[in-house]
Amino acid sequence: MKALARMQHSENSPVKLINVAIALGSNLGDSLAILEQAIETVSTEPNVTLLRKSSWYRTKPIGPPQPDYINGCITCQTSLTPEVLLAKLHQIENLFGRERKEHWGARTLDLDLILYGDRLINTPDLIVPHPRMQERAFVLVPLMEIAADWIDPRNNLRIKTLGDRLDQSEVFRIS
């Protein structure tokens with residue numbers, strides 16, 4: 001009887017929705033089409049609701065010689081745990097032909113979980129906030145566009161404050 005009561009209580013409990021930020025990038029194939037389709041795929045995932053989408057930006061790659069990237073960010077609400085959301089993002093990358101051949105190599109699609117509410121997560125498979133977010137204008141410029149007032153829980157600084165500290169001269173808005 002107690003188990004049934006607990007189950008009914010949990011079914012009636014409100015689901016906690018977490019605001020998340022996801023960075024997107026592509027530099028292989030029809031990058032704009034891939035990125036738009038990836039957003040559509042993310043937004044149709046159960047328990048994920050798209051809130052906002054940034055413009056697209058052309059940026060220079062980090063790592064081995066490769067084509068320029070197109071980058072952007074989205075914000076969503078989800079009831080998924082960070083680990084389940086990350087697994088979904090990896091599945092979507094795979095749907096679009098993502099191959100992990102070399103560190104920082106070219107890719108059809110890259111989806112990074114940048115922020116998960118105000119949580120600090122540090123596991124072997126996931127670090128949130130993204131460990132290099134505050135060094136990367138290609139993440140912060142589009143994120144500032146849609147979530148300037150969100151807070152990085154590591155240092156309690158606004159996204160806009162972090163972005164304004166970076167050289168943005170090689171981040172070009174294309175749409």
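At distances below 3.5 Å, at least one donor-acceptor pair connects side-chain atoms of S26 with backbone N or O atoms of T108. Side chain of T78 to backbone of I18: no donor-acceptor contact under 3.5 angstrom is found. Side-chain atoms of Q66 never come within 3.5 Å of backbone atoms of P61 as a donor-acceptor pair (strictly under, hydrogens ignored). Of the possible donor and acceptor atoms, one in the side chain of S54 sits under 3.5 Å from a partner among the backbone N and O of C73. Of the possible donor and acceptor atoms, none in the side chain of D152 sits under 3.5 Å from a partner among the backbone N and O of L157. A donor-acceptor distance shorter than 3.5 angstrom exists from the side chain of N27 to the backbone of R107, with no hydrogens or angles considered. One N or O on the side chain of S55 and one on the backbone of S175 form a donor-acceptor pair closer than 3.5 Å.
In this structure the side chain of D110 reaches within 4.5 angstrom of the side chain of E93, judged on heavy atoms. The shortest side-chain heavy-atom distance between L120 and P129 falls under the 4.5 Å cut-off. Counting heavy atoms from C-beta on, the side chains of C76 and T49 never come closer than 4.5 Å. Counting heavy atoms from C-beta on, the side chains of N155 and Q134 come closer than 4.5 Å. Between H130 and V139, every side-chain heavy-atom pair lies at or beyond the 4.5 Å cut-off. Using a 4.5 Å cut-off on side-chain heavy atoms (C-beta onward), L115 and P153 make contact.
Put simply, CZ on R52 and CD1 on I74 are 13.0 Å apart, with the number rounded to the nearest 0.5 Å. Atom CG in L51 sits 4.5 Å away from atom OG1 in T75 (nearest 0.5 Å). Separating the OG1 atom in T81 from the CG atom in N47 is a distance of 10.5 Å, to the nearest 0.5 Å. Taking CG of D68 as the start and CZ of F172 as the end, the distance is 9.0 Å to the nearest 0.5 Å. Once rounded to the nearest 0.5 Å, the distance linking CG of L113 with NZ of K88 reads 14.5 Å. With values rounded to the nearest 0.5 angstrom, L35 atom CG is found 9.0 Å from K53 atom NZ.
Applying the salt bridge (Lys or Arg N to Asp or Glu O under 4.0 Å) rule to R119 yields no partners; only residues at least two apart in sequence or on another chain are considered.
Residues L140 and I151 fall into different hydrophobic clusters, defined by Ile, Leu, Val, Met, Phe, Trp and Tyr side chains chained together at heavy-atom separations under 4.5 Å. Hydrophobic cluster membership is shared by L95 and L86, with clusters built from Ile, Leu, Val, Met, Phe, Trp and Tyr side chains linked at under 4.5 angstrom. Under a hydrophobic-cluster definition in which Ile, Leu, Val, Met, Phe, Trp and Tyr are linked whenever side-chain heavy atoms come within less than 4.5 Å, directly or via other members, V42 and W56 are assigned to the same cluster. A continuous path of hydrophobic side-chain contacts links L24 to I174 [ILVMFWY only; heavy atoms under 4.5 Å]. Residues I121 and V84 share a hydrophobic cluster, clusters being chains of Ile/Leu/Val/Met/Phe/Trp/Tyr side chains in contact below 4.5 Å.
Between Q77 and N19, the shortest heavy-atom contact is CG-OD1, 3.0 Å. Nearest heavy atoms, I159 versus M133: CD1-CE, 4.3 Å. Considering every non-hydrogen atom in both I70 and S31, the closest pair reads CD1-CB, 3.8 Å. Closest non-hydrogen pair, N71 versus G25, comes out as ND2-CA, 3.6 Å. Across V128 and Y116, no two heavy atoms sit closer than the pair CG1-N, 3.5 Å. For the residue pair L28 and I34, the shortest heavy atom distance occurs at O-CD1, 3.5 Å.
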Tell me, with the steps shown, if E170 and K60 meet salt bridge (charged side-chain N to carboxylate O under 4.0 Å, His left out). CA-CA 7 Å; E170 297 207 5; K60 297 287 180 201; 5.6 Å; no
For I62 and F138: C-alpha separation, side-chain torsions, deciding distance, then whether side chain to side chain contact (heavy atoms under 4.5 Å, CB included) applies. CA-CA 10 Å; I62 294 174; F138 65 85; 3.5 Å; yes
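Residues D167 and S169 bring a donor and an acceptor atom of their side chains to less than 3.5 Å of each other.
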